[in-house]
Amino acid sequence: MATRYAQIIVDVPTMQTNRPYTYALPADLQGQVQPGMRVIVPFGHRQVMGFVVALTDKSDVAAEELKEVTTSLDLEPVLSPELVQLSAELAEDIFAFRITILQSMLPNSLKADYQQRLKLEKADLSDDIRVEYLEGQQERDVKLSKFTPKQWRQLKQLAAEGWLSIEPIIANRGRIKKQRAYQLSADSEFLEEAAGQLRANAKQQKHLLDFILENQGQTFTKKELQEMADFSTATLQAGVKKGWLQATDVELLRRPAGTAIESGQQWHQLNPEQEAAYEAVIGAAHAQTYQPFLLEGITGSGKTEVYLQAAAEVLKSGKTVLFLVPEIALTPQMLERVRARFGNKTAVLHSGLSEGERYDEWRRTERGDVQVVVGARSAVFAPLTNLGLIIVDEEHETSYQQADNPRYNARDVALWRAAYHDIPVILGSATPSLESRSRAQKGVYQHLMLTKRAGGAELPKVEIVDMKESMADQPDTNFSTSLRNKIQARLDRKEQMVLLLNRRGYSSFVMCRDCGFVPRDPNCNLAMTLHMDTHTLKCHYCGYQEPIPQICPACGSKRIRYYGTGTQKAEAELMDLFPSARVIRIDQDTTRKKGSLAKALQRFGQGEADILLGTQMVAKGLDFPDVTLVGVLNADTSLGLPDFHAAERTFQLLTQVAGRAGRHEAKGEVVIQTFNPEHYAITYAQKHDYEGFYRQEMAIRHAGQYPPYFYTVQIQMSAPEENQVALQAAQVGRWLKKRIPNNVIQLGPSPQPIAKLKNRYYFQILLKLKDDHEMDGFLHELADRAQKAKNGLQLNVIRNPLSFM
DNA sequence: AGCACGCCGACT
DNA sequence: GTCGGCGTGCTC
């Protein structure tokens, strides 16, 4: 088939260019360029990178208007036909630019790096210009942002006059790490002959020849050769000269640290419930049918064992497995468990990797060296072909939806990919999202239940402490009498504890007792959080910080007090109450450094501390056998958020953290401190009753016309000027109102709960729809029009947002 | 995103 | 008269 034209998505993320452009393929690229490859094309007045998304043999653009593809960046496609197709549908679905999706499917190392190569052409160019632009060199590569437009104008002028040349350079950002290697000759005759001719005292060379004869035809890196036989560089070079071996470069794959690569660890016997779940999944896998399963299993019921055994079975048939976990649960413990089963066949893709490591893991996957990919959100685009099973652990986690553009939800992408490959997908959770649970109810997903804890361990007893009473008795402490006693008992028995406080920092805000002044940050207008270690007030949204005021800036009073409690303050109080206790604190502030979280958890796991105190991080995916007490210092933080998800999030968090206690022989106990002891999210968590919570919350969602009874679309608008957004949001609101059918509910425009962020003001309109896509046409039109809006207005359309902050 | 085209103010 | 300010529109 003649493939003279290529449809190309260019690397220009704007509304107007969000479609394929047709290019002619020069003769030498025909048959070479394939869909899924990156190419360089002339676009407007410059060269840009683009993705080939299709090849055609005729064009609907007049031939004289067509330009030719300049060159190809790849010899093999970097994206499979599956991912190319996915990019189109996903872009449409989440109102994102297709180029942005295509880029996020690849590791950063494969992103185009645009540079300009400046080259001196006439030696007598004036010195100050040479210093300014070339740093005195003959040739220099610089990014466009290196100089101002005015400087570029001058450079172009100089180029036009022939002083220097400017040539665009587009390259991959990442470099493949190469290492010197040697391929040994396989010509026995030639080698024997060479051996015969050696001088008697050429010991080293004799040694080398013997080695080559033993390992004919194989390739070793230089490092390997030197480790095995201690050949000197000179000896090897002599060998190369004589043709005994050949020097080449091999790709060096950087392996992330922490690899116990011993596959085939002992498998656990499945209990009847696990067995049933396993069989259902395997049945669908063998039948090669698309089937989503909701695996609802209480904490400690052995969901992971079901995942791993189903995965193993699928691997046996030669297919591959994609295993998604929330970033926060991607702990060394978890990876260890997977690697122990699948060893070298595993690739890990997560944000803790360096760019190079990430690229290498991606390439191992792409080349077919691995059969299992474990990773967080972005791993859903792993270049696995021949998929046999997809697993989404903790499917309710909101971190599966990316917080900024493109706002894809990895769980939904996983479902898409499973449908594409006609394979099963397991959505697992102890506390499924209402959306998934209700789909299971309707039979869209097959519902699988695990109701028993592995090894017969019991669910921990949960005590609720009313903090209104505790505070009345002893207003100065965050630790109720009950919790204090239980902590002391654990310390006496040398058992471990986990304490959850869902707020980092020292206290939540600072207020003047006399005039009520609360310091707010100038960018977001939010109350700032106190950080005692650095003696600053910080905004947790934009990172702004300033020193703690000694006197009130508003009234001059010295009576400035701290309200609310963060992890820092709780830690201080803990040390005060239990001076002998060894405490490890984990939150964003203590674990910012790569690997520090892993280290902290490892220390706790080895019993180097009694108490693990932290934010949400302590609730997810950790499994420490010796933890017999879990304390939630304040269960209300997430309950009070202005978001209809608040109860769901609170219930999920409490259930999860409660599950950390008594996972093994030791019996566990949980204490939940709260100002809302009667709230159903808390009482159902106390009873470990997901189904009860589900029924009640569904009734509330039904009454309020919220998901999962309705789909939602959030139209988010922002601008640097408050009255500008307000004005334009009102305009958008009127525009929509005229167009929505009467079964669609429109709320707003209204200021967002966090109305100012990073010097921009936010407004939103919320649409509630029965049919997810019925407004798509208007919404695309709206996004298109907004692009042309003035006064710095930005408009985002967010389908089914998981948070309204 | 760039860059040209095009229409109004302060300068050799 | 012209240089250059940045609003508008297009890129196969």
Side-chain angles (χ1 to χ4, degrees), chain A residues 2-27 29-30 33-35 37-73 84 87-88 91 96-104 108 111-118 141-160 166-171 173 404-406 719-721 724 728 781 783-796:
Chain A
T3 50
R4 297 190 290 137
Y5 304 105
Q7 300 294 321
I8 290 167
I9 302 288
V10 293
D11 183 14
V12 183
T14 65
M15 202 61 80
Q16 302 97 30
T17 53
N18 189 31
R19 63 192 173 83
Y21 285 83
T22 309
Y23 283 86
L25 284 171
L29 286 181
Q30 288 180 31
V33 165
Q34 298 295 322
M37 285 187 184
R38 298 164 307 147
V39 291
I40 307 288
V41 292
F43 191 72
H45 315 273
R46 73 219 143 105
Q47 299 282 322
V48 298
M49 197 273 292
F51 284 87
V52 178
V53 294
L55 296 178
T56 50
D57 49 10
K58 58 182 203 291
S59 150
D60 40 14
V61 181
E64 62 272 19
E65 283 170 32
L66 284 177
K67 289 185 184 170
E68 284 193 338
V69 172
T70 309
T71 179
S72 174
L73 282 177
V84 171
S87 73
F97 302 127
R98 192 166 175 195
I99 187 66
T100 317
I101 307 266
L102 288 163
Q103 304 261 230
S104 32
N108 276 338
K111 276 196 188 137
D113 180 24
Y114 294 88
Q115 297 207 48
Q116 307 293 321
R117 176 160 298 169
L118 307 179
D141 291 350
V142 292
K143 289 208 158 107
L144 222 48
S145 57
K146 182 79 194 175
F147 302 121
T148 63
K150 207 172 166 187
Q151 287 177 306
W152 280 113
R153 237 172 282 150
Q154 188 186 0
L155 275 167
K156 279 193 186 155
Q157 186 61 35
L158 290 166
I166 307 172
E167 183 197 351
I169 303 284
I170 307 177
R173 277 219 265 153
D404 42 310
N405 288 327
E721 298 275 338
Q724 276 303 326
Q728 304 218 45
E781 192 183 338
D784 196 19
R785 288 162 158 259
Q787 174 113 136
K788 293 167 194 131
K790 302 181 287 282
N791 301 312
L793 183 82
Q794 266 178 28
L795 185 143
N796 274 315

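Each chain gets a letter, A, B and so on, in the order its sequence line appears, and its residues count up from 1. Below, each value reflects all heavy atoms present in this structure, side chains not excepted, and no hydrogens, waters or symmetry copies.
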query = With a 4.5 Å heavy-atom cut-off, do A:Q7 and A:Y23 have their side chains touching?
reply = no
key: Side-chain donor or acceptor of A:Y5 paired with backbone N/O of A:A54 under 3.5 Å   = no
query = Which is the 5'-most and which the 3'-most nucleotide of DNA chain C that has an atom under 4.0 Å from a heavy atom of chain A?
reply = C:dT11 to C:dC12
inquiry  = Keeping A:N18 on the side-chain end and A:R98 on the backbone end, is there a donor-acceptor pair under 3.5 Å?
reply    = yes
ask   = For A:M49 and B:dA1, what is the distance between atoms CE and C1' respectively, to the nearest whole Å?
value = 14 Å
inquiry  = Under the salt bridge (Lys or Arg N to Asp or Glu O under 4.0 Å) definition, can you give me all pairs with a residue in residues 38-47 of chain A, not counting sequence neighbours?
reply    = A:R38-A:D74
query = Counting any heavy atom closer than 4.0 Å, what does A:P20 reach on the DNA or RNA strands: base, sugar-phosphate only, or nothing?
reply = nothing
query = Among residues 11-19 of chain A, which contact DNA chain B at a heavy-atom distance under 4.0 Å?
reply = A:V12, A:T14, A:Q16
request  = Indicate whether any N or O donor in one side chain lies under 3.5 Å from an N or O acceptor in the other, for A:Q30 and A:T3.
outcome  = no
request  = Tell me what A:Y23 touches on the nucleic acid: a base, only sugar-phosphate, or nothing, going by heavy atoms under 4.0 Å.
outcome  = sugar-phosphate
inquiry  = Between the side chains of A:R4 and A:D57, is the shortest nitrogen-to-carboxylate-oxygen separation below 4.0 Å, so that they form an ion pair?
reply    = no
ask   = Okay, side chain of A:T100, backbone of A:A96: is any donor-acceptor separation there less than 3.5 Å?
value = no
key: Side-chain heavy atoms of A:I8 within contact of A:V39, under 4.5 Å   = yes
